[in-house]
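Following: one structure in structure tokens, then a few remarks.
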Amino acid sequence: QVQLVESGGGSVQSGGSLRVSCAVFGYIYSSYYMAWFRQAPGKKREGVAAIDSDCSTSYANSVKGRFTISQDNAKNTLYLQMNNLKPEDTAMYYCTAGPFAYGEYVGTPATPNFGYWGQGIRVTVSS
């Protein structure tokens, strides 16, 4: 049984920083891909950032240069460092791990129908 548990969300003022983490419990293959998605109120879930098994990364244009996705070597934890946060970054953030690349979903309002998903964590940015 694989579980993904997000932590580190919260409220911050515009221009501030937060780091959200995703702890993976259970076994996933070292070749698995991982990503962060977010869903703002009234909007579809969208891909924010993805990391491949070779550690190459991709980002939505809206967060490029402000967000950084990373993972530890054992793939036990996935991170999303968010700097210079804006009110439009307010959303529930979800991590996911799966056998296929998430790159094509980054920056698009589409949710892949594969992979393990966390329960989500709220990030609120006030102006």
Side-chain angles (χ1 to χ4, degrees):
Q1 183 81 13
V2 175
Q3 278 190 305
L4 279 63
V5 180
E6 298 96 340
S7 62
S11 297
V12 65
Q13 288 194 325
S14 182
S17 298
L18 278 176
R19 188 177 78 162
V20 289
S21 302
C22 172
V24 179
F25 297 95
Y27 177 80
I28 60 172
Y29 292 101
S30 59
S31 58
Y32 263 40
Y33 302 85
M34 300 190 77
W36 287 96
F37 284 70
R38 69 184 179 186
Q39 187 165 15
K43 294 189 176 181
K44 292 185 177 181
R45 192 174 296 189
E46 65 170 358
V48 176
I51 185 164
D52 289 350
S53 55
D54 64 357
C55 294
S56 59
T57 57
S58 56
Y59 297 91
N61 287 336
S62 59
V63 306
K64 201 171 291 183
R66 301 187 297 121
F67 289 13
T68 303
I69 187 172
S70 62
Q71 64 187 33
D72 68 7
N73 290 336
K75 272 197 176 179
N76 289 330
T77 306
L78 179 72
Y79 303 99
L80 185 68
Q81 176 67 42
M82 302 181 289
N83 297 328
N84 191 21
L85 281 159
K86 304 175 180 181
E88 51 264 42
D89 295 318
T90 296
M92 287 289 289
Y93 283 74
Y94 300 87
C95 65
T96 180
F100 308 111
Y102 291 98
E104 65 179 276
Y105 297 96
V106 170
T108 66
T111 303
N113 60 355
F114 59 84
Y116 300 99
W117 291 81
Q119 80 287 353
I121 193 159
R122 187 172 303 280
V123 171
T124 302
V125 184
S126 58
S127 57

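For this chain, numbers begin at 1 and follow the sequence in order. Any value given below was found using the heavy atoms of this structure, including those in side chains, with hydrogens, waters and symmetry copies removed.
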Start with the C-alpha distance between Tyr102 and Thr96, add both sets of side-chain angles, then the distance that settles side-chain hydrogen bond (donor to acceptor under 3.5 Å, both in side chains), and finish with yes or no.
-> CA-CA 9 Å; Tyr102 291 98; Thr96 180; 2.8 Å; yes

Could you walk me through whether Trp36 and Phe67 pass the ring-ring contact (aromatic ring centres under 6.0 Å, His included) test, one step at a time?
-> CA-CA 11 Å; Trp36 287 96; Phe67 289 13; 10.0 Å; no

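Using cut-offs of 30° and 60° on the angle between ring planes, the pair Tyr32 and Tyr29 is tilted. Aromatic ring pairs are classed by plane angle as parallel below 30°, tilted from 30° to 60° and perpendicular above 60°; the pair Phe114 and Phe100 is perpendicular.
By the criterion of side-chain heavy atoms lying less than 4.5 angstrom apart, applied directly or through intervening Ile, Leu, Val, Met, Phe, Trp or Tyr residues, Val123 is grouped together with Leu78 in one hydrophobic cluster. Tyr79 is not connected to Leu85 by any chain of hydrophobic side-chain contacts under 4.5 Å among Ile, Leu, Val, Met, Phe, Trp and Tyr, and they are in different clusters. By the rule that hydrophobic residues join a cluster once side-chain heavy atoms approach within less than 4.5 Å of another member, Ile51 and Tyr93 end up as members of one cluster. Residues Ile69 and Ile28 fall within the same hydrophobic cluster, defined by Ile, Leu, Val, Met, Phe, Trp and Tyr side chains chained together at heavy-atom separations under 4.5 Å.
How far CD of Gln13 is from OG1 of Thr124: 12.5 Å, rounded to the nearest 0.5 Å.
Other residues, nucleotides and ligands contribute more than 12 heavy atoms inside 6.0 Å of the CD atom of Gln119.
Heavy atoms only, all atoms of each residue included: Val24 and Met34 are closest at CG2-CE, 3.7 Å.
Relative to the six-membered ring of Tyr94, Arg38 misses at least one condition, a distance below 6.0 Å or an angle of at most 45° to the axis.
Taking the salt bridge (charged side-chain N to carboxylate O under 4.0 Å, His left out) definition, one finds that Arg66 meets it with Asp89, sequence neighbours left out.
Side-chain N/O atoms of Ser53 and Tyr33 include no donor and acceptor closer than 3.5 Å.
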